[in-house]
Asks: 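I have a structure I would like to understand better, so I am pasting it below and will then ask my questions one at a time.
So that the names make sense, note that chain A is the first sequence line, chain B the second, and so on, each numbered from 1.
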Amino acid sequence: MTIYNFSQLVINWYHINGRKDLPWQKNKTLYIIWISEIMLQQTTVKTVIPYFKKFILNFPNIESLNNSSLDEVLYLWSGLGYYNRARNIYKSAKIITAKYYGIFPSNFSDVIKLPGIGKSTAGAILSLSLNFFFPILDGNVKRVLIRYYGIIGSLKDRIIEKKLWHITEIVTPIHNTGKFNQAMMDIGALICLAKKPKCEICPLSKRCIAKIKQKWENYPLKNTKKIYPIKTSWFTLIQFNNTLWMEKNIEKKIWKNLFCFPSFDTEEKALNWLKEKKINTNTYKKIKPFIHKFSHFILYIYPILIPLSSCLKFCKKNNTGLWYDLKKPQHIGLSKPVQKILENFKKNIF
DNA sequence: CAACCGTGGGG
DNA sequence: TCCCCAAGGTT
């Protein structure tokens with residue numbers, strides 16, 4: 001099959017079956033596509049949609065982002081994960097304002113220099129928004145190509161990665177690049193599923209090597225599974241009336257710049273810290289522990305509740321602590337476990 | 001360059 | 001329940 005036929009099959013399929021009504025497809029400006037592409041990194045469409053709508057409503061353009069605070073951006077990102085993406089969007093808004101007069105750049109070398117934008121995302125932004133000729137290589141495209149061409153290997157293999165880039169550069173058409181790229185992602189997300197692909201409705205099944213060999217499970221080869229370490233964290237919920245004490249994660253790598261309860265990897269450290277702050281540790285109440293799974297480790301969270309009868313002053317470097325008001329929540333970034341604890345607290349479960 | 005960076009959901 | 005995966009990029 002010629003390359004022309006490959007891209008033509010994909011584009012023809014797109015005209016009938018492709019997704020054209022996603023929230024970021026109504027007005028495909030560089031800004032809209034940029035935000036959506038960042039949100040969609042390693043995240044499903046279903047999860048992204050409500051976050052995207054809320055984000056665009058609050059930040060309709062680069063200027064609004066530039067005039068905002070990082071806390072406000074992280075507030076709208078809370079629960080979505082991979083918070084570096086939000087920090088990079090904020091950084092990018094500053095860069096775009098300073099370097100490009102507030103207008104999102106439209107040439108590849110400028111776009112890819114922005115933090116959080118790699119080769120594939122840069123290509124996606126420019127092709128989906130402006131129909132520029134740039135190939136992409138996301139998880140969807142990788143899976144479609146690796147099956148269609150019957151490539152033996154793991155997605156983590158650098159050589160496979162390079163080979164796939166070479167192929168996507170060849171199959172991507174010069175015209176209708178935007179439609180083609182969208183179609184490849186649609187086929188990957190709706191048909192060429194990781195598990196149980198729907199080959200019977202796939203426009204590429206006729207010459208797909210994985211389909212012909214009846215071995216889609218082997219494309220791509222599965223990675224050897226890793227054992228994830230287990231870590232523990234004691235969350236100290238210091239309560240005064242309707243407020244809880246929180247501190248911004250500065251030095252911690254995880255949940256950086258988000259707010260969290262003072263946390264310690266052992267109960268002893270938590271108790272010592274409380275004693276340092278002259279808080280009576282005889283009255284604290286243990287709350288049911290729960291597990292939070294990350295992509296690379298498992299965290300056992302042990303919340304302990306310490307009600308105060310009078311408000312204490314805490315010192316935190318750079319004034320990055322605050323009394324979180326449950327009745328009038330500050331706009332700050334919160335991780336999922338912290339959000340869950342706050343919800344339970346509001347429901348009076350503790 | 002392998003490890004790091006979150007979270008939700010499907011099978 | 002458990003395991004794997006999902007529109008990646010950075011260090």
Asks: With a 4.5 Å cut-off on side-chain heavy-atom distances among I, L, V, M, F, W and Y, is there a chain of contacts connecting A:V338 to A:Y82?
Replies: no
Asks: Heavy atoms only, 4.0 Å cut-off, all strands: where does A:L128 land among base, sugar-phosphate and nothing?
Replies: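 Nothing, no nucleic acid heavy atom in range.
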Asks: Among B:dG6, C:dC4, C:dA7, which nucleotide has an atom closest to any side-chain atom of A:K195?
Replies: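 The answer is C:dC4.
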Asks: Taking the nucleotide of DNA chain B with the nearest heavy atom to each, does A:R158 or A:K196 sit closer to the 5' end?
Replies: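 Nearest nucleotide further toward 5': that of A:R158.
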Asks: Between atom OH in A:Y228 and atom P in B:dT7, what is the gap in whole Å?
Replies: 15 Å
Asks: Assign each of A:D138 and A:K113 to its nearest nucleotide of DNA chain C by heavy atoms, then name whichever residue's nucleotide is nearer the 5' end.
Replies: A:D138
Asks: Is any side-chain nitrogen or oxygen of A:K156 closer than 4.0 Å to OP1 or OP2 of B:dA2?
Replies: no
Asks: Provide the distance between the two P atoms, one in C:dT11 and one in B:dG6, to the nearest whole Å.
Replies: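 About 14 Å, rounded to a whole number of Å.
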Asks: Is a salt bridge present between A:K275 and A:E268, judged by a nitrogen-to-oxygen distance below 4.0 Å?
Replies: no
Asks: If only side-chain N and O atoms count, and only distance matters, is there a donor-acceptor pair under 3.5 Å linking A:N272 with A:E276?
Replies: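 The criterion, which ignores hydrogens and geometry beyond distance, is not satisfied for A:N272 and A:E276.
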Asks: Between B:dG6 and A:H292, is there an OP1 or OP2 to side-chain N/O distance shorter than 4.0 Å?
Replies: no
Asks: What's the closest nucleotide to the side chain of A:S120 if the choices are B:dG6, C:dG9, C:dA7?
Replies: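 Ranking B:dG6, C:dG9, C:dA7 by closest atom to the A:S120 side chain puts C:dG9 first.
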Asks: Rounded to the nearest angstrom, tell me the gap between atom NZ in A:K336 and atom P in B:dC5.
Replies: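 It works out to 20 Å between those atoms.
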Asks: Taking the side chain of A:M185 as heavy atoms from C-beta outward, which of B:dC1, B:dG6, C:dA7 is closest to it?
Replies: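 So the nucleotide nearest the side chain must be C:dA7.
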Asks: For B:dC5, does either OP1 or OP2 sit under 4.0 Å from a side-chain N or O belonging to A:H296?
Replies: yes
Asks: Within 45° of the six-membered ring axis of A:F297 and under 6.0 Å from that ring's centre, is NZ or CZ of A:K231 located there?
Replies: yes
Asks: Determine the interatomic distance between C1' on B:dA3 and the same-named atom on C:dA7; round to the nearest Å.
Replies: 22 Å
Asks: Expressed as a whole number of angstroms, how long is the span from A:D157:CG to B:dA2:C1'?
Replies: 13 Å
Asks: Would you call A:E37 and A:R85 a salt bridge, taking side-chain N to carboxylate O under 4.0 Å as the test?
Replies: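 No salt bridge links A:E37 with A:R85.
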Asks: Using a 4.0 Å heavy-atom cut-off, does A:S335 contact any base of the nucleic acid, only the sugar-phosphate backbone, or nothing at all?
Replies: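 Answer is sugar-phosphate: A:S335 comes under 4.0 Å of backbone atoms only.
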Asks: When only distance counts, do a donor and an acceptor, one from the side chain of A:R143 and one from the base of C:dA7, lie under 3.5 Å apart?
Replies: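 A donor-acceptor contact between them is absent.
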Asks: Would you please say whether a donor-acceptor pair under 3.5 Å links the side chains of A:T29 and A:N27?
Replies: no
Asks: Let me spell it out: for each of A:K226 and A:I254, pick the nucleotide of DNA chain B with the closest heavy atom. Which residue's pick is nearer the 5' end?
Replies: A:K226
Asks: Under 4.0 Å between a side-chain N or O of A:T121 and OP1 or OP2 of C:dG9?
Replies: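 Checking A:T121 against C:dG9: at least one side-chain N or O falls below 4.0 Å of OP1 or OP2.
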Asks: Assess whether a salt bridge exists between A:E161 and A:K142, defined as any Lys/Arg side-chain N lying under 4.0 Å from an Asp/Glu carboxylate O.
Replies: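 A salt bridge links A:E161 with A:K142.
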Asks: Mind checking if A:W77 touches a base, just sugar-phosphate, or nothing, with heavy atoms under 4.0 Å?
Replies: nothing
Asks: Heavy atoms only, 4.0 Å cut-off, all strands: where does A:I136 land among base, sugar-phosphate and nothing?
Replies: nothing
Asks: Take atom CD1 of A:I298 and atom C1' of C:dC3, then tell me their distance rounded to the nearest Å.
Replies: 11 Å
Asks: A:R87 has an atom CZ; how far is it from atom C1' of C:dT10, in whole Å?
Replies: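 That distance rounds to 12 Å.
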Asks: Looking at C:dA7, B:dG6, B:dA3, which one has an atom nearest to any side-chain atom of A:Y82?
Replies: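 Nearest to the side-chain atoms of A:Y82, counting from C-beta on, is B:dG6.
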Asks: What integer number of Å spans the P atoms of B:dC5 and B:dG9?
Replies: 23 Å
Asks: Grab the OH-C1' distance between A:Y51 and C:dA7 for me, whole Å please.
Replies: 17 Å
Asks: Please determine whether side-chain contact (heavy atoms from CB on, under 4.5 Å) holds for the pair A:L274 and A:I238, giving the CA-CA distance in whole Å, both sets of side-chain angles, and the decisive distance to 0.1 Å.
Replies: CA-CA 10 Å; A:L274 289 166; A:I238 302 165; 4.1 Å; yes
Asks: Could you check whether A:K253 gets within reach of a base, just the sugar-phosphate, or nothing at all, counting any heavy atom under 4.0 Å?
Replies: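 Touches sugar-phosphate only.
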Asks: When all nucleic acid strands are considered with a 4.0 Å heavy-atom cut-off, which category describes A:G188: base, sugar-phosphate, or nothing?
Replies: nothing
Asks: Looking only at the side chain of A:A194 (C-beta and beyond, no hydrogens), which of the listed nucleotides C:dC4, B:dT7, C:dC5 gets closest?
Replies: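 Minimum distance to the A:A194 side chain belongs to C:dC5.
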Asks: Given the structure, check if the side chain of A:S295 and the base of B:dG6 hold any donor-acceptor pair shorter than 3.5 Å.
Replies: yes
Asks: Do A:T43 and B:dG8 share a donor-acceptor pair, side chain to base, under 3.5 Å?
Replies: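 When only heavy-atom distances are counted, A:T43 does not reach the base of B:dG8 through any donor-acceptor pair under 3.5 Å.
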Asks: What nucleic acid atoms does A:L80 come within less than 4.0 Å of, heavy atoms only: base, sugar-phosphate, or nothing?
Replies: base
Asks: Name the closest nucleotide to the A:W255 side chain, picking from C:dG8, B:dG9, B:dT7.
Replies: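 The closest nucleotide is B:dT7.
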Asks: Between A:W34 (CH2) and C:dG8 (P), how many Å, whole number?
Replies: 18 Å
Asks: Among B:dG8, C:dG8, C:dA7, find the nucleotide with the atom closest to the side chain of A:Q42.
Replies: C:dG8
Asks: A:M39 has an atom CE; how far is it from atom C1' of B:dC5, in whole Å?
Replies: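 To the nearest whole Å, that distance equals 17 Å.
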